[in-house]
Amino acid sequence: MKDYSVVLTNVTKIFDNEFTAVDNVSLKIEQGEFFSLLGPSGCGKTTILRMIAGFEDPTSGNITLNGKNIIGTPPNEREGNTVFQNYALFPHLSVFENIAFSLRLRKEKEGEIRRKVMNMIDLTKLNGHVDKMPSQLSGGQKQRVAIARALVGKPTVLLLDEPLAALDAKLRQHMLVELDTIHDEVGITFIYVTHDQSEAMSISDHVAVMNEGEIIQYGTPFEVYESPVNAFVANFIGETNFFTGTVEKVEEEYFMLDTGRFGKIWFYKDMEVKIGQEIQVSLRPEKVKVTKEKPIAPQGVKINILEGIVDETIYLGSQTKYTVAVGDHYLQAFKQHVRYLLDEVIITWKDRVYVWWFADDSYVLREPGGVPVEE
Amino acid sequence: MKSKRDFTGFLVSMPGILWLTVFFLIPYIIIIIYSFLTSGIYGGVELPFTLEAYSKMLINAGYWQILWRTVWISMIATLICVGLGLPAAYFIATSKHRNMFLTLVIIPFWTNFLVRIFGWMVILGRNGVINSFLQLLGLKEPLNLMYTPGAVILVIVYMYLPYMILPLYSAIEKFDFRLIEAAMDLGAKRTQAIWKVLIPSIRGGIGAGVILVFIPALGSYAIPDLVGGADGAMLGNLIARQLTVARNWPSSSAISMIFLLISTLGLLVYLRINKVQSKRRVQVGETYMKEEED
């Protein structure tokens, strides 16, 4: 028996009798883990968070926090605290008083309050800002105050609602690392809601990818990225190439798919397939290689080789993103620049190239649906 | 450039300044001068200058009684307006039909002020709506609702409540209700969240509402005149009586000066509170400017 922090069982939330925001979601969040709810805006992730916090009641289903049923328990009596998207700092209170808010409500002793608030100030590196008003803080500092304020009362779960959405990219990276450090130090469960897949991937122990009120896939960031269950997940978590077609030949390790637009291609048989079956496969662009010379397959390894013309290049410094036209269709390929200057022959716009990849670098999508297949 | 802009600003504000000078400042100066003159036999004023109007007022117990009554009636009416206005404004600001409710708040203004007071006389009178209804239920003697301080307070609250609701509404409407959620999330009950977060955030609106109700209430004339009777008379009635019945112009001018003093004091207290707040804000802001953002 594992200790679960938050468990949702068949939770459904319908707003105004017509809009189903959350549709029969079941979820187990482990004690002390960093868990992310990831999905596009309007997918229901914030509604789930608000139901755990107590701001919304589920239409049906059950939620437990540390084994206790919390349906009907008002937010002020729940052991979870929230870091709000807009920080929601009290504008009339100083940084100190904002953080001390929950302690004052509990009528703790002045000395205790001071000690606990100062601990939080240290943890969130807010030293020197103690007496400021929220209006005098930068976005990153407000964020820290919001985190300190939520953590000072020692909740067992910290709920974070897109906490970094309002920060610029560089600061976001910085705050992510700090969030991770804080999580390690306080050791409580963090439930993090975001639409940014890179945020969720970089710090989560587990991720649940949501769309239209449902959890599409649950797993570690690695699982979700490398083995997406359907086209939606594959497309939402990073970029990808899709192949669809009917199975034409099946071998022990590989099968051949007649994709039509790219011809007949070998894929790794990571699940049982039958001849004549309709199948969709995802291939991550960083696994696709672009070269001017025709590659030679190593012994015992199947590779797919297509010929095409470079249609577009996007140079990003660390890597270049290529779009290669194979006939009338396009393939994405990312090339990491691991060597400076000596990085082989420079490939550019309108070059004739070979696009190729190891047949076992693809993943067969288990479920239909998600995004349109044709580009 | 700057002086040119100043000059334009001066020109633009000229009509307003002129208006206030001719119809407000000069009359007030006249009243101040009158209050130090001697009363004429048939009304009006005569020389010499004297402090008689003030000194007579100070030793007159009846005057002190009315002054005190004016202040407490206004204060109680203002407090009741806050008490009624806060929940009403909160309700309107959080309602989906806020425009409809706002219209409802303003609708009474479409009816003449005096007509509305007469309306209350019909309701409160000895043979009025309330007493008729109570007698129907078996009450023998009709209640004395009219011509009491209570009636004055009731009608003042009725008349000036919209002036409380509107500024409160505009303050609450700007309030970020997620702060209530944040407070509840941190352990506050709903009422605690409202007291500790909502009320401090809208104190500007409360202050504006208090001023907008308290000062007109102090200056009430028609309301106490029509529903107040002898027990409900206020400063405004005293001024009028001194002017029209006693024909003592210096005395009514002196009472006007006292009235001006009280309302100015109230305004100063309000401005003082506001100033302390904004000054503190500026001070913390300055220390902030010296430090670098991280």
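Convention: sequence-line order gives letters A, B, ...; per-chain numbering from 1.
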Stepwise side chain to side chain contact (heavy atoms under 4.5 Å, CB included) test for A/Arg50 and B/Glu181: CA-CA 10 Å; A/Arg50 289 175 60 82; B/Glu181 280 189 356; 2.6 Å; yes
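- Heavy atoms from other residues, nucleotides or ligands lying under 6.0 Å from CH2 of B/Trp19 number 12 at most.
- With A/Asn76 contributing its side chain and B/Asp185 its backbone, the two residues share no donor-acceptor pair below 3.5 Å.
- For A/Met118, the CE atom sits in a packed shell: over 12 heavy atoms of surrounding residues, nucleotides or ligands are nearer than 6.0 Å.
- Other residues, nucleotides and ligands contribute more than 12 heavy atoms inside 6.0 Å of the CZ atom of B/Arg98.
- Between A/Leu105 and B/Lys196 the shortest side-chain heavy-atom distance falls below 4.5 Å.
- Residue A/Leu89 touches chain B through its backbone alone, counting heavy-atom pairs closer than 4.5 Å.
- Residue B/Tyr221 qualifies as open at atom OH: its count of foreign heavy atoms under 6.0 Å is 12 or below.
- Heavy atoms closer than 4.5 Å to chain B are found in the backbone of A/Ala150, but not in its side chain.
- A side-chain contact (heavy atoms from CB on, under 4.5 Å) with B/Leu186 holds for exactly one of A/Ser102, A/Pro75, A/Pro155; it is A/Ser102.
- Residue B/Ser201 comes nearest to A/His92 through the heavy atom pair OG-ND1, 3.9 Å, listed as atom of the first residue, atom of the second, then distance.
- Between the CZ atom of A/Phe90 and the CD1 atom of B/Ile180 there is a distance of 8.5 Å, given to the nearest 0.5 Å.
- With a 4.5 angstrom heavy-atom cutoff, B/Ala183 touches chain A via backbone and side-chain atoms both.
- Side-chain contact between B/Asp176 and A/Asn86: present, with at least one pair of heavy atoms (C-beta onward) separated by less than 4.5 Å.
- The CZ atom of A/Phe101 lies 8.0 Å from the CD atom of B/Gln192; values are rounded to the nearest 0.5 Å.
- Distance check, rounded to the nearest 0.5 Å: NZ of B/Lys189 to CD of A/Glu77 gives 7.5 Å.
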